[in-house]
Amino acid sequence: MSTPRVVIDNAVFSSATLIKVDSARRHGILLDAVQVLTDLNLSIKKAYISADGKWFMDVFHVTDQNGNKITDESVLKYIEQSLGNIHYGRTNRSNGLTVLELTGADRVGLLSEVFAVLADLQCDVVEAKVWTHNGRIASLIYVKDCNSGSSIEDSQKINKIELRLRNVLKGDNDIRSAKISVSMAVMHTERRLHQMMFADRDYERTPILKFTSDNPLVTVQNWTGRGYSVVNVQCKDRIKLLFDVVCNLTDMEYVVFHATINTDGDRAYLEFYIRHKDGTPISSEPERQRVIQCLKAAVERRASEGVQLELCTEDRQGLLAEVMRTFRENGLNVTRAEISTIGNMATNVFYVTDAIGNLVDPKIIESVRQKIGLSNLEVKELQLIDHQQAEGENQAVGIGGAVLLSIGSLVRRNLYHLGLIKSCS
């Protein structure tokens, strides 16, 4: 079976789209399959995975963010085509931008300094993602030269960018662990962020601020008779949860042979039967504890709480530097950020708390909105969407987090970034 067999069925369940994938097995193929679905912001409500022998077989029950089945024919066709190509793996590519990778100690105002440096050096930020966890920060920033509109290839300018950003990241307390690199190759942004935080060993660090009230429960036990290590994860359900867990298992060089994923209301229950690539289970208590730490970190990195702010305005040079300076001057701490530009419009999402991790005073938020522009900066309080129990199939149709856009616009925007359509409107 050289080409994966993909079956998409909307008739089996009333509350979810059923997706089946059969393929030859290789390391990382499960992650590639899950990535196809989560890149479209689809919610995986149930999954059954088996990869014994030479074959990879799994079943996904998916919905959109509103808990509805996937009915858009263009989206269904894209899913079928993408899953049909996962056997070949994914390669790094160039998108004509320069990629900046930053890791270091997080602090209030850090991003303000980073984007001020980039504005000063005539770097136009096209896209960026920022994660923080346990007092650490990781960021991928895609930039182009303001003057030429293309990637930055001048070695002297690249050296200047690296030097100034490294000094910003070091601050007064992070002389050794602050890191910055510049490249032209592009890999999957969120997978790379996990790799960067894993390499920074964020999972070993004691959190300075605790942003999430939901602590994931992770257990690891060996099933001696079958030679598996059994990993269980229980936590609040949310979009991309399965991707985050599978991504870290894959990067830690574990192979998932079997797995069951279930959701009930706003809770998710994930069980994995894993081995090392050489076929052996987890062999020591320190290794078991490390897996527990790493998977807790994988769940927590994206679980930001606070106030969600969405900035939508015409893009211009220095826009991010101005916005971040306003946040800093008003004592706002950015715990996560997603920055993108489509055409001449900037669409940015920020998750903010006060300086010590508490919810921000609404008066401060209004003051910030007045300075940036009431029509440009909208407030999306992070709330739990109601979770409902679907009749007949025990399907949970709610999701954690706030719904910013309809599934149609979300899918169009993701397809635009993947280069599959010319317009996101």
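Residue indices begin at 1 and follow the sequence shown. Predicted model, so just to flag it, every value in this text is computed and none were measured.
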side-chain hydrogen bond (donor to acceptor under 3.5 Å, both in side chains) partners of [X], counting only residues at least two apart:
X      : result
Thr189 : Tyr142
His27  : none
Asp154 : none

Over 12 non-hydrogen atoms of neighbours within 6.0 angstrom of [atom1] in [X]:
X      : atom1 : result
Gln289 : CD    : yes
Arg201 : CZ    : no
Lys20  : NZ    : no

Roughly how far, to the nearest 0.5 Å, is the [atom2] atom of [Y] from the [atom1] atom of [X]?
X      : Y      : atom1 : atom2 : answer
Leu320 : Asp315 : CG    : CG    : 7.5 Å
Leu241 : Ile261 : CG    : CD1   : 9.0 Å
Ile339 : Asn348 : CD1   : CG    : 5.0 Å
Ser150 : Asp124 : OG    : CG    : 11.5 Å
Asn232 : Glu271 : CG    : CD    : 4.5 Å
Thr347 : Glu127 : OG1   : CD    : 11.0 Å

Counting N and O atoms only, with roles assigned by atom type, does the side chain of [X] sit under 3.5 Å from a partner on the main chain of [Y], one being a donor and the other an acceptor?
X      : Y      : value
Thr132 : Thr335 : yes
Thr280 : His276 : no
Asn134 : Arg205 : yes
Lys69  : Asn10  : yes

Name every donor-acceptor pair, under 3.5 Å, that has one atom in a side chain of residues 244-252 and the other anywhere in the protein, sequence neighbours excluded.
unit_1: Asp244; atom_1: OD1; unit_2: His194; atom_2: NE2; d: 2.9
unit_1: Asp244; atom_1: OD1; unit_2: Arg302; atom_2: NH2; d: 2.6
unit_1: Asp244; atom_1: OD2; unit_2: Arg238; atom_2: NH1; d: 2.9
unit_1: Asp244; atom_1: OD2; unit_2: Arg238; atom_2: NH2; d: 2.9
unit_1: Asp244; atom_1: OD2; unit_2: Arg302; atom_2: NE; d: 3.0
unit_1: Asn248; atom_1: OD1; unit_2: Arg301; atom_2: NH1; d: 3.2
unit_1: Asn248; atom_1: ND2; unit_2: His194; atom_2: ND1; d: 3.2
unit_1: Asn248; atom_1: ND2; unit_2: Asp244; atom_2: O; d: 2.8
unit_1: Thr250; atom_1: OG1; unit_2: Val246; atom_2: O; d: 2.8
unit_1: Asp251; atom_1: OD1; unit_2: Arg191; atom_2: NE; d: 3.4
unit_1: Asp251; atom_1: OD1; unit_2: Arg191; atom_2: NH2; d: 2.8
unit_1: Asp251; atom_1: OD1; unit_2: Gln195; atom_2: NE2; d: 3.4
unit_1: Asp251; atom_1: OD2; unit_2: Gln195; atom_2: NE2; d: 3.4

Enumerate donor-acceptor pairs with a distance under 3.5 Å from any side-chain N or O in residues 155-163 to protein atoms, sequence neighbours excluded.
unit_1: Lys157; atom_1: NZ; unit_2: Leu121; atom_2: O; d: 3.0
unit_1: Lys157; atom_1: NZ; unit_2: Asp145; atom_2: OD1; d: 2.6
unit_1: Asn159; atom_1: ND2; unit_2: Ser155; atom_2: O; d: 3.2

- Applying ring-ring contact (aromatic ring centres under 6.0 Å, His included) to Phe350 and not counting sequence neighbours gives Phe327
- Yes or no on side-chain contact (heavy atoms from CB on, under 4.5 Å) for Arg25 and Trp55, after CA distance, side-chain angles and deciding distance? CA-CA 5 Å; Arg25 183 167 68 87; Trp55 307 109; 5.8 Å; no
- Task: Kindly write out the residues that satisfy side chain to side chain contact (heavy atoms under 4.5 Å, CB included) with Val220, not counting sequence neighbours, or none if the list is empty.
- Result: Val231, Ile282, Arg288, Val291, Ile292
- Message: Is a donor from one side chain sitting under 3.5 angstrom from an acceptor on the other, for Thr63 and Asn68?
- Response: no
Going by the rule salt bridge (charged side-chain N to carboxylate O under 4.0 Å, His left out), which residues pair with [X] if we only count those two or more places apart in sequence or in a different chain?
X      : value
Lys277 : Glu253
Glu153 : none
Lys240 : Glu190
Glu73  : none

- Task: Looking only at non-hydrogen atoms, find the nearest pair between Arg275 and Gly227 and report the distance.
- Result: NE-O, 3.0 Å
- Query: How would you list all residue pairs meeting ring-ring contact (aromatic ring centres under 6.0 Å, His included) that involve residues 225-248, not counting sequence neighbours?
  - Reply: His188-Phe243, Tyr228-Phe257, Tyr228-His258, Tyr228-Tyr273
- Item | Ionic contact status for Glu113 with Arg107, cut-off 4.0 Å | yes
- Start with the C-alpha gap between Leu76 and Ile70, add the side-chain angles, then the distance that decides, and say whether side-chain contact (heavy atoms from CB on, under 4.5 Å) holds. CA-CA 7 Å; Leu76 293 172; Ile70 315 305; 3.8 Å; yes
- Query: Are Arg164 and Asp120 close enough, and set up right, to give a side-chain contact (heavy atoms from CB on, under 4.5 Å), and what steps lead you there?
  - Reply: CA-CA 11 Å; Arg164 290 188 58 180; Asp120 186 55; 2.7 Å; yes
- Message: The test is side-chain contact (heavy atoms from CB on, under 4.5 Å); show your working for Asp64 and Asp72 and say whether it passes.
- Response: CA-CA 11 Å; Asp64 65 20; Asp72 188 316; over 6 Å; no
